[in-house]
Peer 1: 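Below is one structure. I have some questions about it.
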Amino acid sequence: PLYAAVLGNARRLFGICPLFSRRIVLYWIRIGYTIFGWCVTVMTAMGKRRRDKPADRKNGLTAALYDWIEAAVLAIACIVLVFTFLVRIVGVDGVSMEDTLQDGDRLLLSSLFYTPERGDIVVINRYVEEPLIKRVIALEGDTVGIDAEAGRVVLNGETLEEPYAHYPTFPGADFSGEVTVPEGCVFVLGDHRTDSKDSRSAEVGFVRVEDIVGKAVFSLWPFGPIG
């Protein structure tokens with residue numbers, strides 16, 4: 001019940017329900033505890049200065065209580081601001097981004113003032129369905145095709161060099177010929193081209209930019225840059 005309540009609040013606060021696993025909530029709790037500790041340290045130091053004044057010594061206990069309350073409020077405000085406007089933590093579920101990302105990886109996501117670029121790894125909010133973690137291949141106005149014989153993506157008439165894709169790219173049942181990415185949308189693919197539901201599928205299709213939660217910028221587990 002406690003986990004369900006925390007998860008429900010996290011969903012309402014951060015907006016993308018399926019991205020929050022039990023481990024992710026624990027990450028948030030640890031980060032929140034750390035921020036709270038910093039705030040307590042700062043507020044305690046400030047409170048000690050106030051209590052060192054002769055006029056405030058009689059109210060030391062009350063001042064200390066106010067310090068803790070201020071620290072808690074500041075910590076909550078910092079957490080809300082950081083996870084609403086700056087970064088989020090997401091988990092990889094599935095194999096569609098192998099070998100770049102593995103099932104169970106934990107990623108740090110940047111969402112502030114983000115504009116998609118070709119090659120970015122992004123998280124796509126599908127609201128009532130599981131979110132997608134894919135790579136942006138083409139932007140609005142780009143023409144995308146797939147050379148089925150070579151197993152390669154053709155972008156704006158040129159074969160795309162993709163060192164991150166270790167599997168051939170085939171069109172699939174819903175994709176044929178060349179397509180032009182409409183305004184306000186992007187074309188995405190998973191790095192594991194033979195096991196990925198992406199823009200080649202009619203179920204996903206072109207992804208609206210407004211549905212992109214943010215860009216994966218760092219791997220928290222395993223710790224290090226995203227390869």
Side-chain angles (χ1 to χ4, degrees), residues 11 14-21 23-24 88-111 114 116-156 159-217 219 221 226-227:
R11 288 172 173 173
F14 300 111
I16 42 177
C17 316
L19 295 181
F20 298 93
S21 68
R23 291 183 180 179
I24 296 302
R88 305 184 187 194
I89 300 172
V90 299
V92 177
D93 183 13
V95 300
S96 70
M97 284 299 293
E98 291 183 353
D99 294 330
T100 306
L101 303 175
Q102 306 296 323
D103 184 32
D105 286 359
R106 297 291 181 258
L107 308 177
L108 191 65
L109 196 69
S110 174
S111 56
Y114 172 67
E117 298 289 344
R118 299 185 191 93
D120 288 353
I121 296 175
V122 298
V123 174
I124 302 160
N125 191 352
R126 302 182 74 200
Y127 303 100
V128 297
E129 299 181 60
E130 283 292 315
L132 299 176
I133 301 180
K134 303 296 177 184
R135 189 181 295 273
V136 176
I137 300 299
L139 307 175
E140 63 179 32
D142 286 340
T143 300
V144 185
I146 295 177
D147 184 342
E149 293 185 2
R152 304 283 294 278
V153 175
V154 179
L155 179 64
N156 297 325
T159 300
L160 193 62
E161 294 296 329
E162 298 183 283
Y164 45 77
H166 298 161
Y167 306 88
T169 306
F170 299 115
D174 300 327
F175 188 93
S176 62
E178 289 187 341
V179 296
T180 299
V181 182
E183 183 179 358
C185 295
V186 296
F187 184 94
V188 299
L189 294 174
D191 288 357
H192 194 326
R193 299 294 163 79
T194 58
D195 194 0
S196 173
K197 181 186 294 184
D198 44 45
S199 290
R200 293 171 294 178
S201 166
E203 186 177 341
V204 177
F206 298 114
V207 173
R208 297 182 301 174
V209 171
E210 63 190 59
D211 291 335
I212 295 178
V213 179
K215 173 186 175 181
V217 295
S219 175
W221 181 262
I226 297 176

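Start at 1 with the first residue, then count along the sequence.
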Peer 1: Looking at E162 and R135, is there a salt bridge between them, counting it only when a charged N and a carboxylate O are closer than 4.0 Å?
Peer 2: no
Peer 1: Measure across G184 and E140 and return the closest heavy-atom pair with its distance rounded to 0.1 Å.
Peer 2: N-OE1, 2.5 Å
Peer 1: Restricting to salt bridge (charged side-chain N to carboxylate O under 4.0 Å, His left out), what partner residues turn up for E161, sequence neighbours left out?
Peer 2: R152
Peer 1: If every non-hydrogen atom of D99 is compared with every non-hydrogen atom of Q102, which pair is closest and at what distance?
Peer 2: O-NE2, 3.2 Å
Peer 1: Would you please name every residue forming a side-chain contact (heavy atoms from CB on, under 4.5 Å) with E203, sequence neighbours left out?
Peer 2: R126, E129, K197, S201
Peer 1: Give me the atom names and distance for the closest heavy-atom approach of G190 to M97.
Peer 2: CA-SD, 3.8 Å
Peer 1: Who pairs with D103 by side-chain contact (heavy atoms from CB on, under 4.5 Å), at least two apart in sequence or on another chain?
Peer 2: D93
Peer 1: Please determine if D198 and K134 form a salt bridge, counting it only when a charged side-chain N lies under 4.0 Å from a carboxylate O.
Peer 2: no
Peer 1: Using side-chain contact (heavy atoms from CB on, under 4.5 Å) as the criterion, list what pairs up with E178, not counting sequence neighbours.
Peer 2: T143
Peer 1: Mind checking what makes side-chain hydrogen bond (donor to acceptor under 3.5 Å, both in side chains) contact with E98, not counting sequence neighbours?
Peer 2: none
Peer 1: Does F170 offer a backbone N or O that forms a donor-acceptor pair with the side chain of R200 under 3.5 Å?
Peer 2: yes
Peer 1: Taking side-chain contact (heavy atoms from CB on, under 4.5 Å) as the test, write out the residues that go with V92, two or more places apart.
Peer 2: L101, D105, L107, I133
Peer 1: Do you know which two heavy atoms are closest between F206 and V181, and how far apart they sit?
Peer 2: CE2-CA, 3.9 Å
Peer 1: Looking at D195, is its backbone amide N or carbonyl O close enough to the side chain of S96 to form a donor-acceptor pair, meaning the two atoms are under 3.5 Å apart?
Peer 2: no
